[in-house]
Amino acid sequence: MPSPIAFSSPLPKPFDAAQASLGMERWRQQAAAAEPETRAWAEAFADSEPGRALIEAVCGNSPYLGHSLTRELPFVARTVQDGFDDSFAALIAALHAEHDEEKSMDRLMAGLRVAKRRAALLIALADIAGAWPLFRVTGALSELAETGVQLAANFLLRRAGEAGTLTLPDPQRPWVGSGLIVLGMGKLGGRELNYSSDIDLIVLYDDAVVQTPQPDNLARTFIRLARDLVRIMDERTKDGYVFRTDLRLRPDPGATPLAVSVSAAEIYYGSVGQNWERAAMIKARPIAGDPEAGASFLRFLEPFVWRRNLDFAAIQDIHSIKRQINAHKGHREVTVNGHDIKVGRGGIREIEFFAQTQQLIFGGRDPRVRIAPTLMANEALRDVGRVPPQTVEELAGAYHFLRRVEHRIQMIDDQQTHRIPADDAGVAHLATFLGYDDPAAFRAELLATLGQVEDRYAELFEEAPSLSGPGNLVFTGTDPDPGTVETLTGMGFADPARVISVVSAWHRGRYRATRSGRARELLTELTPALLSALAKTPAPDSALMNFDDFLGKLPAGVGLFSLFVANPWLLELVAEIMGIAPQMAKTLSRNPSLLDAVLSPDFFDPLPGKEDGLAEDHARVMAAARDFEDALTLSRRWTNDQRFRAGVHILRGITDGDRCGAFLADLADIVVPDLARRVEEEFAQRHGHIPGGAWVVVAMGKLGSRQLTITSDIDLIVIYDVAPGEGPRLSDGTKPLSPNEYYIKLTQRLTNAITAPMGDGRLYEVDMRLRPSGNAGPLATSLDAFLKYQTTDAWTWEHMALTRARVIGGDPALADRVSAAIRSVLTAPRDADRLLWDVADMRRRIEKEFGTTNVWNVKYARGGLIDIEFIAQYLQLRHGHERPDILHIGTAKALGCAARTGALDPEVAEDLEATLRLWRRVQGFLRLTTAGVLDPNQVSPSLLAGLVRAAFPDEREPGGVDFPELDHRIRAVAARAHGHFKALVEEPAGRLAPPTTTPPA
């Protein structure tokens, strides 16, 4: 019987003696049940010193390997007797012999899985025993993967040929002339697979080479082939799996099928291929399919990967990829427990990246450095004088050490992980498996190695400032960079994986704005600042998606990105808008050119009034209108531009929701009458005019009181009048209409013109429910009918609404008559007790339907806007007959008039007016910053700062106010205002007997 093999280095001690003992017991049980020859060998091996040491080292350190060892006694016997090299060669030869002409997918899958299990055991034993150096271990793993992919690809090509979907030039050798290209990428391409590695593949088909009787099904044929290839390699069965298989390195994987045509790939790499993809292609190697087609494709890629004339911008972009990583030199903040030795600081990825970035820069002119394996690439860079010999030596030593650690981590449970165990016991286990007697010695060597790599790696960053911000911000490759996930989480993003996916999509050129290389380079430079700015907003993830929507609608990117680079404050403003002002974000997405206006010197000057150039500016813009459609477009653009400017002023604290109300009302006062005139001219082309007829547009609600917010709709009513005459009165157009029909249709046209959605959005939403009889009444009302309704049929709440009515457009003479009619209604004598009861009852009904304890719902909360507005309206209606000077469309002014006329205590009036202005400031800010009502539990620091500024603009140290304090102060103000409402309305009304009739709900 042959003697057991001698091991090249001392075997590790078992970490778990009980498991080692159990493993030995299983070995002997399996030996007892084996064939006589195997039994004799196994028992002798277990009784020998080297054999017992090996069994205990494997079973006492790796449950996975221990199970495989005792399960595969005959294979272990052959391996020990024949040696690792011969046994592995025999295993690969057997795969080919058994499956080169395989007809059954199930048999192929089973054969590959059994071979993988045995090869994994053999390679692990050779590694643990020190019989194979690193390159032989990784090379064997790579050869096994390559063999599996080749057998799978050949089987699938043969099956497609037999099914008639492909025409194979040589069915006995299906890969020849097939046009299929399977590229091994990453560690597989460089023959550097780790022990539990997945494999990265790109599946292509050369549409100029493939022969098929079904050309229309060509793409589907290869997509199905790629899917089945992954299944053969990746699917878990009772026999396990072969290799986890990843196809995400293909061109733009989120937007392309599993198999990509060569023509599509050439277009992609020739137009939007990224520098990290150039780095990935350094290791690309055809491992299956048509070798000629694969070689041809790689020749095509050479100018993409190896740029002979690397321009300055491209070098900057390569450096920017490196600079996205938070590289440190001389700092030792790394801890052993839980550290990722692949992508963590000082890890394997840094050694790989050290070589690849310099290969990209120098490989275009010097083919000697175009080498896939990492250590060989560093040696080539040393040989041409690009890297100091000592650095290459240090990195090689570190690479060997870290890969050995990586393999032991993965051997324990066959897990594709690169993390040191998080607990001390796990670290001690790993140290023992690596052959250390003391975990402290392992910790010291690991930290020293990581620090050495970190120092060498950081030297690449010394000439350029970091792009990493508060930590790693890397958006290259396919898997999220753990450092980037950690950075984004620390910044406040709830879903880092989604953030990485979105930013990666920008760099893949999916948007028009990012299709040029220069645009992507600029965006790379901007990304850290952008993310930092977005992170300061109340909901960073939503802010990012708003910016993504904005980016997706840009026609081009270089100009705007250059603007951001030159004006960093502008990028911060855009991020603020995306995160804090959703309505403004939509406006900006529709019209990015608004940012040009922000750069104008007068953008942040005080907002002008109607008489201060605003009307003239509107007239200048509208003069360019060629027709009615043009007028609609220009009116929207001008109004939205002005609203955007007002929003920015509110965000930046230049103005507030209270002071801005008049400016926003001026916009509507200018644009609505102008549109009304144009609508009438358009309407008259078909229907003519009503002889002796006139109409006016009356503003109600917030527009009437000149208290609009950025997002307010506008309340309008239309009143018309026709001079008396003989006979039926019809319009004088080719399609005559009666006055009633004429003005109703004209009103309908006006509301359509205002509300129609166009490229620049809607002008305003229009509410006409405040017209006589509400929705049941006609859209336009004659003056006589209006007066009759208001004097005989209107409810108290309709007269309350009328206190804010004002004519904003139409016939001047009729405007005077309508204004007089409104005033006559408001100054008419009325039953004071009935008025008081009605006002209190209406507030009670509103409270029943919309009542809230959230004081930040400033409209409906007790002591909020409705309470104060009802007080002002009640006092005007109650005292308007005796004291007509009390009337004013503005609530604040009406309270002042009430005080001056003796209808309200001056101190109460002053308190109510101050509270009203507070609510308007808060509401104006919240309308910009929240989609609905503010949730007190979702207040970010930036939102809090804006709220404090809006609520208390004179606060000397707003940063010292936290939300609970602000909430407490706001509630105190609301309680005081509610107290005034109770004293003036609720309590007096409560002492009255209910009226015999009640107002409608």
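- Nearest heavy atom pair, residue Tyr764 against residue Ser712, reads CD2-O, 4.1 Å.
- Aromatic ring centres of Trp797 and Phe870 lie farther apart than the 6.0 Å criterion allows.
- Looking at Val671 and Leu763, their side chains come closer than 4.5 Å, going by heavy atoms from C-beta outward.
- Atom CG of residue Asp721 and atom OG of residue Ser782 lie 7.5 Å apart, to the nearest 0.5 angstrom.
- Classification of the His649-Phe603 ring pair by plane angle, with boundaries at 30° and 60°, yields perpendicular.
- Looking at Glu798, its side chain does come within 3.5 Å of a backbone N or O of Trp795 through a donor-acceptor pair.
- The two residues Leu779 and Ile744 make their nearest non-hydrogen contact at CD1-O, 4.2 Å.
- Distance alone, capped at 3.5 Å, is enough to place a donor-acceptor pair between the Arg636 side chain and the Ala756 backbone.
- Of the N and O atoms on the side chains of Glu847 and Tyr860, not one donor lies less than 3.5 Å from an acceptor on the other residue.
- Listed by first and then second residue, the salt bridge (charged side-chain N to carboxylate O under 4.0 Å, His left out) pairs involving residues 668-678 are Lys610-Asp669, Asp669-Arg706, Asp669-Arg806, Asp674-Arg677, Asp674-Arg678, Arg677-Glu681 (not counting sequence neighbours).
- Listed for the Trp856 side chain is no donor-acceptor partner under 3.5 Å among the backbone atoms of Val922.
- Closest approach of Met700 and Ala805 over heavy atoms only: SD-CB, 3.3 Å.
- One finds the OG1 atom of Thr901 at 9.5 Å from the CG atom of Leu887 (value rounded to the nearest 0.5 Å).
- Taking 4.0 Å as the cut-off between side-chain N and carboxylate O, Asp911 and Arg976 count as a salt-bridged pair.
- Note that CZ of Arg643 is 7.5 Å distant from CD1 of Ile710, once rounded to the nearest 0.5 Å.
- Remark: aromatic rings of Phe683 and Tyr742 are close, center separation under 6.0 Å.
- Arg830 places a side-chain N or O within 3.5 Å of a backbone atom of Leu877 that can act as its donor or acceptor partner.
- Here the straight-line distance linking atom CG of Leu826 with atom NE2 of His881 works out to 13.5 Å at 0.5 Å rounding.
- Cation-pi geometry between Arg652 and Phe604 is not satisfied (NZ or CZ under 6.0 Å from the ring centre, within 45° of the ring normal).
- Of all heavy-atom pairs spanning Phe981 and Asp867, the tightest one is CD1-O, 3.4 Å.
- In this structure, Arg969 pairs ionically with Glu965, as a charged nitrogen and a carboxylate oxygen lie closer than 4.0 Å.
- The main-chain N or O of Ile886 is never found under 3.5 Å from a side-chain atom of His879 such that the two would form a donor-acceptor pair.
- Between the side chain of Arg659 and the backbone N or O of Arg921 there is no donor-acceptor pair closer than 3.5 Å.
- In this structure, Arg991 does not pair ionically with Glu987, as no charged nitrogen and carboxylate oxygen lie closer than 4.0 Å.
- A salt bridge links Glu986 with Arg862: at least one charged nitrogen is closer than 4.0 Å to a carboxylate oxygen.
- With Arg762 contributing its side chain and Thr755 its backbone, the two residues share a donor-acceptor pair below 3.5 Å.
- Put simply, the side chain of His888 never gets that close to the backbone of Lys893: no donor and acceptor are under 3.5 Å apart.
- For Glu882, the CD atom sits in a packed shell: over 12 heavy atoms of surrounding residues, nucleotides or ligands are nearer than 6.0 Å.
- Judged purely by atom type and a 3.5 angstrom limit, Asp713 has no side-chain atom pairing as donor or acceptor with the backbone of Glu765.
- Salt-bridge check for Arg834 with Asp838: passed, with a basic side-chain N closer than 4.0 Å to an acidic carboxylate O.
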